[in-house]
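Just below is one structure, and these are the notes that go with it.
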Number of protein chains: 2
Amino acid sequence: MKVHPQEIEARFRRHAVRVTRQRAAIYAALTETTSHPTAEDLYRTVKRQQPLMSRNTVYYTLGVLRQAGLVREVNVGHHVARFDGNVTAHHHLICLGCSRIMDVMDDGLNQLALSHRQARGFQVLGHRVEFHGYCAECQHAQENVMKRRE
Amino acid sequence: MKVHPQEIEARFRRHAVRVTRQRAAIYAALTETTSHPTAEDLYRTVKRQQPLMSRNTVYYTLGVLRQAGLVREVNVGHHVARFDGNVTAHHHLICLGCSRIMDVMDDGLNQLALSHRQARGFQVLGHRVEFHGYCAECQHAQENVMKRRE
DNA sequence: TTTCAAGTCAGGAATGATTCCTACATAGCA
DNA sequence: TGCTATGTAGGAATCATTCCTGACTTGAAA
Ligand SMILES: [Mn+2]
Ligand SMILES: [Mn+2]
Ligand SMILES: [Zn+2]
Ligand SMILES: [Zn+2]
């Protein structure tokens with residue numbers, strides 16, 4: 001969802017994040033998409049407007065924004081990190097075919113909790129639910145493969 | 001949980017996995033522990049008995065066993081992959097302090113499902129729940145840090 | 001408005017988990 | 001027992017991420 005420049009600046013100041021052109025661009029790019037991009041994706045996107053942008057700045061900024069609670073990191077497997085500008089409570093559907101990540105908003109999932117016994121002294125601060133499977137497009141692709149084999 | 005050599009061999013054959021000394025050792029090490037070790041952990045453990053063991057074999061074998069459904073991969077963050085020899089339905093508590101991974105057995109969690117509407121054409125094959133927080137030991141460590149600061 | 005220190009940036013080198021490559025060895029089958 | 005697909009060892013390569021360093025900004029104070 002598109003966030004206005006002055007709103008970006010306001011959020012940064014509210015979270016004690018210094019305002020710079022680079023950070024605003026990275027955060028804007030991340031909040032404008034629902035695709036949960038990688039650092040590299042963001043680097044390429046932002047580099048169009050700011051050709052001097054370095055990968056380092058993208059990684060560093062994502063780290064700063066994550067610590068400030070303005071950005072979340074979503075992990076698919078152990079490989080490339082994916083980022084999410086939506087920090088409201090939600091979970092994800094992850095496609096095993098194309099690695100697409102889709103949002104799931106569900107209060108029931110947000111409220112999952114463990115019994116005291118199950119937690120065994122563990123102090124639970126949050127949780128994450130991932131559903132794995134195949135998105136509509138990957139299912140169709142799969143069907144086509146099947147048909148070709150017949 | 002300790003699995004006998006002939007049982008390991010039986011499982012491998014049942015899953016059409018070729019039986020080799022290396023694979024048996026890797027699988028034995030993984031099923032004997034509840035610590036969700038990394039590939040490197042397993043490499044070091046197994047290398048004691050089989051000094052020629054290579055990292056490549058560990059990674060390759062874990063891949064084979066994973067595809068066969070004998071081993072699961074658990075991800076903490078996007079960094080090092082952790083492995084689990086317990087392939088029955090269960091979920092995890094993950095310590096943000098020491099990266100310890102503890103099992104959570106809970107039928108309720110195993111049966112989570114999405115409504116048709118929420119799934120939006122996505123074919124869900126499975127899901128994973130992670131609880132994040134601090135284990136008992138890391139909580140104590142934290143308290144000690146606090147006390148030292150007083 | 002000027003000044004300054006803390007914080008940030010760019011670019012490149014370093015790191016480290018994982019994957020790739022290749023020649024040799026072995027499991028499983030006839 | 002011999003054949004062949006597959007697995008193994010060891011080392012090189014890859015690639016996302018982190019580290020390093022010196023130059024540049026930002027934000028706040030004088
Ligand atoms: Mn999301
Ligand atoms: Mn487990
Ligand atoms: Zn897909
Ligand atoms: Zn801990």
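Letters A, B, ... are given to chains in the order of the sequence lines, protein chains preceding strands, and every chain is numbered from 1.
A:Tyr27 and A:Phe12 have perpendicular rings, their planes meeting at more than 60° on a 0 to 90° scale where under 30° would count as parallel.
Distances were taken from every side-chain heavy atom of B:Thr57 (C-beta onward) to each of C:dG11, D:dA9, C:dT18; the shortest belongs to D:dA9. Of the candidates C:dG12, C:dT18, D:dT8, the closest approach to any side-chain atom of A:Asn56 belongs to C:dG12. Set against C:dA17, D:dG10, C:dA10, the side chain of B:Tyr59 has C:dA17 as its closest nucleotide. The nucleotide whose nearest atom lies closest to any side-chain atom of B:Gln22 is, among D:dA9, C:dA10, C:dA27, D:dA9. When distances run from any side-chain atom of A:Arg21 to the nucleotides C:dG12, C:dC21, D:dT26, the shortest one goes to D:dT26. Looking at the side chain of B:Arg18, the nearest of the listed nucleotides C:dG12, D:dT6, D:dG27 is D:dT6.
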Derivation of the side-chain contact (heavy atoms from CB on, under 4.5 Å) call for B:Gln118 and A:His91: CA-CA 11 Å; B:Gln118 285 168 325; A:His91 299 277; over 6 Å; no

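At the phosphate of D:dT8, OP1 or OP2 sits under 4.0 Å from a side-chain N or O atom of B:Thr20. The side chain of B:Arg23 places no N or O atom within less than 4.0 Å of a non-bridging phosphate oxygen (OP1 or OP2) of C:dA27. Checking the phosphate oxygens (OP1, OP2) of D:dG7, no side-chain nitrogen or oxygen of B:Thr61 falls inside 4.0 Å.
A:Val19 comes within 4.0 angstrom of the backbone, heavy atoms only, and of no base.
Atoms NE2 (A:His79) and P (C:dA17) sit 14 Å apart, rounded to a whole Å.
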